[in-house]
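Take a look at the structure below.
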Number of protein chains: 2
Amino acid sequence: NFQYMEEKNIKMALNDNKAGMEGLDRDKINKIIMESSKGSKFYENEVKREQQVNQRIDKMMLQKEQITEQHLKKAQAQVARMVVELEKRRDLTRVIVHVDMDAFYAAVEMRDCPELKDKPMAVGSMSMLSTSNYHARKYGVRAAMPGFIAKKLCPNLVIVPTNFDKYRAVSSEIREIFADYDPNFMPMSLDEAYLDFTEHLEKRQSWPDSLRTHHYRASSNPKGIAPNMMLAKVCSDKNKPNGQYRLPSTREAVMEFVCNLPVRKVSGIGKVSEKLLNALGISSCSHLGQKMALLSLLFSETAWHHFLQVSLGLGSAFIPRHEERKSMSTERTFKEMSAAEEQLSLCRELCEDLANDLKKEGLKGKTVTLKLKNVNFEVKTRALTLSYPVATADEIFAVAKDLLKTERDNESPQPLRLRLMGNQIKQFN
Amino acid sequence: NFQYMEEKNIKMALNDNKAGMEGLDRDKINKIIMESSKGSKFYENEVKREQQVNQRIDKMMLQKEQITEQHLKKAQAQVARMVVELEKRRDLTRVIVHVDMDAFYAAVEMRDCPELKDKPMAVGSMSMLSTSNYHARKYGVRAAMPGFIAKKLCPNLVIVPTNFDKYRAVSSEIREIFADYDPNFMPMSLDEAYLDFTEHLEKRQSWPDSLRTHHYRASSNPKGIAPNMMLAKVCSDKNKPNGQYRLPSTREAVMEFVCNLPVRKVSGIGKVSEKLLNALGISSCSHLGQKMALLSLLFSETAWHHFLQVSLGLGSAFIPRHEERKSMSTERTFKEMSAAEEQLSLCRELCEDLANDLKKEGLKGKTVTLKLKNVNFEVKTRALTLSYPVATADEIFAVAKDLLKTERDNESPQPLRLRLMGNQIKQFN
DNA sequence: TTGCAAACG
DNA sequence: TACTCGTTTGCAA
DNA sequence: CTCCACATC
DNA sequence: TACTGATGTGGAG
Ligand SMILES: Nc1ncnc2c1ncn2[C@H]1C[C@H](O)[C@@H](COP(=O)(O)OP(=O)(O)OP(=O)(O)O)O1
Ligand SMILES: Nc1ncnc2c1ncn2[C@H]1C[C@H](O)[C@@H](COP(=O)(O)OP(=O)(O)OP(=O)(O)O)O1
Ligand SMILES: [Mg+2]
Ligand SMILES: [Mg+2]
Ligand SMILES: [Mg+2]
Ligand SMILES: [Mg+2]
């Protein structure tokens, strides 16, 4: 029992930074997760990665020791100047909405099979789940968890295979609704988007009760409403499922909101950043503000600028236009594969699939990247940039097969034992 | 590591009383088995049963303490008298053969799919294997092991589903061969029979090289040859796979053979009897002879008579006629089932299946037995004997459903949570 | 330009 | 037996 | 007669 | 998430 209390140091533990994961028996859940994982290659790799993170922390703490009061004072001054600048530009005039469907894939499946409504269920396979409904989340079952572990947590869990096309179809219906409110809305994924409601409100002078009544009844659509994207995003998670949260557009409300906000809730601050910050005594955003001078000395410019903005409750108050894609890739996991011919023919197949996808969007790219994951879950990428853009399967394969051959030849001990292969194209120009 | 060395006291450990299980890494195997099982309801039940056996041993050891030299002497005298009697009747004139196919189901599947020949494979499912080929046995994979554990022991194991009809068909071909040598042979299972070769040898004056050359090439058919059934059975296991063993028909040869024979090798002495005997310092059959007086005081008459015969290398020198069946039953394991209607309708189905089977053999029986196993693997049987024999589904169900209802009503806490149900008929007259 | 780690859904 | 896939970003070499 | 434990394949 | 199913024997109550 004791051993699972140390969960903070253990990568395998339940990641409960997710709606619907509050107040469940974490010890029991972590025990089951741990016992299902311990000894597996996956687990060993996670342990290795965790150690690397710990080393990173050690290095950071050493650096911290070197910092003098002098340094800190100077840094503090610079931070203060920047705060003034940022406050000057603070914009509370916009109304930014972040919409994010509840348990999206699961909701679609439940719509199509109402039997599932009162059951704990998840979408995916015995190997991997991409989401679960809220009933299942009560058991600790969540996205990115393998189904066979989820089944141990929740023996009655129903696992429905993924129907990506359905989700894409529902998504496009949802987006039509979004467009009614803000034609320039920014989709972030199939189930989620930022909308600038400012104009709509000026015209209508009133809030819609809910987008829900209009749109396809697959899923409820809770919103987060706030003066900028960063805050709206946090807010949309707040009353999940099935609710919304509006943060008033005043500096006081914003600062109070941000004060006790755990850093991990902020989009962009993940597990590792959280751990780094925790090591410095920072867990909430108010701590961020208090330690900005230190942070400016320990982190990169982009990183501490971001932290500073977060600590002030700042974020983008306008929604950028949708950007063109920068890369396209395809990858596949399979049972251990060591035979050269088999690997080569799989590589060819991946190139064909990728070429197909490129064709659909009429794209050509100059950089071909081969991705390999061996049976110990160690990932490698090998890239080559050509002087001309390519798009066909043959062109891509010509590059990829050489990259693969080099890796096979250099592998020791022989042979190269793979569990995943992937191809990527970028540099579209 | 250490903990798995204590395997003698642990029910879950690999049962290696099986051909092809010699000289493999038992510690590693037991570790995997244990880690796959620990904490499961199955495991908990095994632990409970093991404790009961231990209590039985404790009781026996207490009884042993009460025994005086007097008792022992008297017992020794009785044993000695019986030895004289038995020796008088010792019959070394018959040639008894026990034939037992190698890895029978697996051999049939390999015959039908030669791809499998060089692979470790087993017959059954992820839940249960009924046998494995010798390649797989090298990994500790064997009959009565669940497939999912076998897969951990041997990731490349191929599991092919059971085709019982095929095995029955092959079996009947084999039996035709058997009949050529002894029309009164006694089949013990699909792949195994006792034959009395005495007459055949008197006529032919020579041994067939092998039955193998004659019969269907599904499986090799190693034999054990000895002057009685008990010894023949032990011998047939000796040179598995693919060999045979003949024990000469002299008292000396027999006694030497028996001397170092582990009691567990004797048919009828299983895991529990072995453990009881071990507690008395008995592991080989020679020990049996040395401690017969003690055994006659601690075990039932039938039991110690059996032990005495074994210790003298005695057994039946003639093969009894095939007996009529005494019972017929059908049972099924399923996912936890608690709802009354569901249980009832399953019970009806089982009765129908049983009635069908009874009809095929034109049988009627007076005793109906309901078998239940709850989700903790605890087994109950409840029987009722009628004054008249029954055979139809309705008749059987009329009894079974009442037996079931009683159990449901008496269960506490409610409800009755089942994992298996079965029906049996006996008392055919 | 390359390779990797982190993050997100 | 079974621990994803597609995409972006940032950092360091 | 009933129930259970043990054993076999 | 998955630990059988058919049959027989013996012993105790
Ligand atoms: N780790 C993942 N791997 C693959 N697909 C994922 C993953 N996480 C999420 N998805 C897919 C399935 C989700 O339904 C969909 C939207 O993601 P997201 O909004 O984060 O969760 P969700 O909509 O299922 O639940 P909720 O938003 O209520 O927490 O994207
Ligand atoms: N525990 C069991 N449960 C179900 N079926 C079994 C079990 N044990 C054996 N069988 C079936 C499958 C076997 O092929 C067949 C003959 O059993 P048996 O002769 O003991 O083993 P085997 O023929 O497979 O291997 P071998 O005899 O070489 O040790 O009976
Ligand atoms: Mg969502
Ligand atoms: Mg989302
Ligand atoms: Mg056999
Ligand atoms: Mg057999």
Side-chain angles (χ1 to χ4, degrees), chain A residues 37 40-43 46 49 52 100 104 124-131 143-152 155 157 159 188-192 267-273 300 302-303 325-333 335 367 369 377 379-385 420 422 424, chain B residues 37 40-43 46 49 52 100 104 124-131 143-152 155-157 159 188-192 267-273 300 302-303 323 325-333 335 367 369 377 379-385 420 422 424:
Chain A
S37 304
S40 67
K41 308 244 172 163
F42 179 82
Y43 175 78
E46 289 300 297
R49 284 173 46 181
Q52 300 199 348
D100 186 323
F104 184 54
S125 71
M126 226 40 161
S127 300
M128 186 47 59
L129 304 179
S130 40
T131 197
M145 177 179 280
F148 71 93
I149 291 182
K151 277 289 213 179
K152 292 187 189 175
L157 183 73
I159 298 182
M188 298 300 293
S189 70
L190 288 189
D191 86 321
E192 162 180 358
S267 181
I269 301 184
K271 236 189 339 194
V272 172
S273 301
S300 72
T302 23
R325 76 153 67 236
K326 301 199 169 71
S327 73
M328 184 178 280
S329 67
T330 175
E331 67 186 49
R332 215 159 294 155
T333 294
K335 260 195 94 93
T367 305
T369 305
F377 290 84
V379 176
K380 259 192 196 137
T381 60
R382 293 294 175 257
L384 185 68
T385 300
L420 172 145
Q424 186 195 42
Chain B
S37 304
S40 68
K41 308 244 172 163
F42 179 83
Y43 176 78
E46 291 300 297
R49 283 173 44 182
Q52 299 200 349
D100 186 321
F104 185 54
S125 72
M126 227 38 162
S127 300
M128 187 46 59
L129 305 179
S130 37
T131 196
M145 176 179 281
F148 71 93
I149 291 181
K151 278 289 214 178
K152 291 186 190 176
N156 293 324
L157 182 73
I159 298 182
M188 298 301 293
S189 70
L190 288 188
D191 86 321
E192 161 181 358
S267 182
I269 301 183
K271 242 207 300 221
V272 172
S273 301
S300 72
T302 23
E323 304 206 3
R325 79 152 67 235
K326 300 197 168 73
S327 74
M328 185 179 281
S329 66
T330 174
E331 68 186 50
R332 215 159 294 156
T333 295
K335 260 195 93 94
T367 305
T369 306
F377 290 85
V379 177
K380 261 192 196 134
T381 60
R382 293 297 175 253
L384 186 68
T385 300
L420 171 145
Q424 187 195 43

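Everything quoted here is computed from the prediction, not taken from an experiment. What you see below is based on every heavy atom in this structure, not just the backbone, and it leaves out hydrogens, waters and symmetry mates. Sequence lines set the chain letters: A, B, ... in the order given, protein chains first and strands last, and positions in each chain run from 1.
Atom pair B:Met328:CE and F:dT7:P shows a separation of 6 Å (rounding to whole Å applied). Atom CG in A:Asp191 sits roughly 15 Å away from atom C1' in D:dG6 (whole-Å rounding). Remark: C1' of F:dT4 and CE of B:Met128 are 5 Å apart, rounded to the nearest angstrom. Nucleotide F:dT4 holds its C1' atom 14 Å from the CD1 atom of B:Ile149, rounded to whole Å. Summarising the geometry, the separation between CD on A:Gln424 and P on C:dG3 is reported as 12 Å, rounded to the nearest angstrom. Spacing between atom NZ of A:Lys380 and atom P of C:dA5 amounts to 12 Å, rounded to whole angstrom units. Rounded to whole Å, the distance from CG on A:Leu420 to P on D:dC3 is 11 Å. Regarding A:Phe148, its CZ atom lies at a distance of 13 Å from the C1' atom of D:dT4, rounded to whole Å.
The side chain of B:Thr333 contributes an N or O atom lying less than 4.0 Å from OP1 or OP2 of F:dG5. Side-chain N/O atoms of B:Thr385 include one lying less than 4.0 angstrom from OP1 or OP2 on E:dT2. Within the structure, a side-chain polar atom (N or O) of B:Arg325 is placed less than 4.0 Å from OP1 or OP2 of F:dT7. Listed pair B:Ser300 / F:dG10 fails the phosphate criterion, with no side-chain N or O lying under 4.0 Å from OP1 or OP2. The side chain of B:Lys271 places no N or O atom within less than 4.0 Å of a non-bridging phosphate oxygen (OP1 or OP2) of E:dA5. Between B:Ser127 and F:dT4 there is no side-chain N or O to OP1 or OP2 distance below 4.0 Å.
B:Thr330 comes within 4.0 angstrom of sugar-phosphate atoms only, judged by non-hydrogen atoms across all strands, and of no base. The residue A:Arg332 sits close only to the backbone: its heavy atoms come under 4.0 Å of sugar-phosphate atoms, none of a base. Counting non-hydrogen atoms under 4.0 angstrom, A:Met188 reaches nothing in the nucleic acid. Nucleic acid contact class of B:Asn156 (heavy atoms, under 4.0 Å, all strands): none. Using a 4.0 Å heavy-atom criterion, one finds that B:Leu157 contacts no nucleic acid atom at all. Residue A:Ser130 is classed as having no contact, given no heavy-atom separation below 4.0 Å to the nucleic acid. Backbone-only engagement by A:Arg382 is indicated by non-hydrogen atom pairs under 4.0 Å involving sugar-phosphate atoms exclusively. In this structure, A:Ala144 reaches the bases: a heavy-atom distance under 4.0 Å links it to at least one base atom across the strands shown. No contact: A:Ile159 has no heavy atom under 4.0 Å from any strand. In this structure, A:Ser273 reaches the sugar-phosphate backbone alone: every heavy-atom distance under 4.0 Å involves primed, P, OP1 or OP2 atoms, never a base. Among the atoms of the strands shown, only primed sugar atoms or phosphate atoms (P, OP1, OP2) are found under 4.0 Å from some heavy atom of A:Glu192.
Expressed to the nearest 0.5 Å, how far CD of A:Gln52 lies from CZ of A:Arg49 amounts to 8.5 Å. Going from atom CE of A:Met328 over to atom OG1 of A:Thr330 covers 10.0 Å, rounded to the nearest 0.5 Å.
Nearest-nucleotide positions on DNA chain D place A:Ser327 closer to the 5' end than the other of A:Ser327 and A:Thr302. DNA chain E is contacted by both B:Leu190 and B:Gln52; B:Gln52 maps to the nucleotide lying nearer its 5′ end (nearest heavy atom per residue). Judged by closest nucleotide on DNA chain D, A:Met126 is the one of A:Glu331 and A:Met126 placed further toward the 5' end. Residue B:Leu384 is the one, among B:Gly270 and B:Leu384, whose nearest nucleotide of DNA chain E lies closer to the 5' end (criterion: closest heavy atom).
Side chain A:Ser37 to base D:dC3: a donor-acceptor pair is found below 3.5 Å.
Checking C:dC8, D:dC3, F:dT7 against every side-chain atom of B:Ser329, the shortest atom distance belongs to F:dT7.
Scanning both residues, A:Gly124 and A:Ile159, for their nearest heavy atoms gives O-CG2, 3.5 Å. For B:Ala143 against B:Ser130, the heavy-atom pair with the smallest separation is CB-O, 3.1 Å. What you find for B:Ile149 and B:Ser37 is that their closest heavy atoms are CD1-OG, 3.7 Å. When every heavy atom of B:Lys335 is checked against every heavy atom of A:Pro155, the shortest pair comes out as NZ-O, 3.7 Å. Considering all non-hydrogen atoms of both residues, A:Leu129 and A:Pro146 come closest at CG-C, 4.3 Å.
Atom P of E:dA5 sits at a distance of 16 Å from the matching atom of F:dT4, rounded to the whole Å. Between the P atoms of C:dC8 and D:dC3, the separation comes to 24 Å (whole Å).
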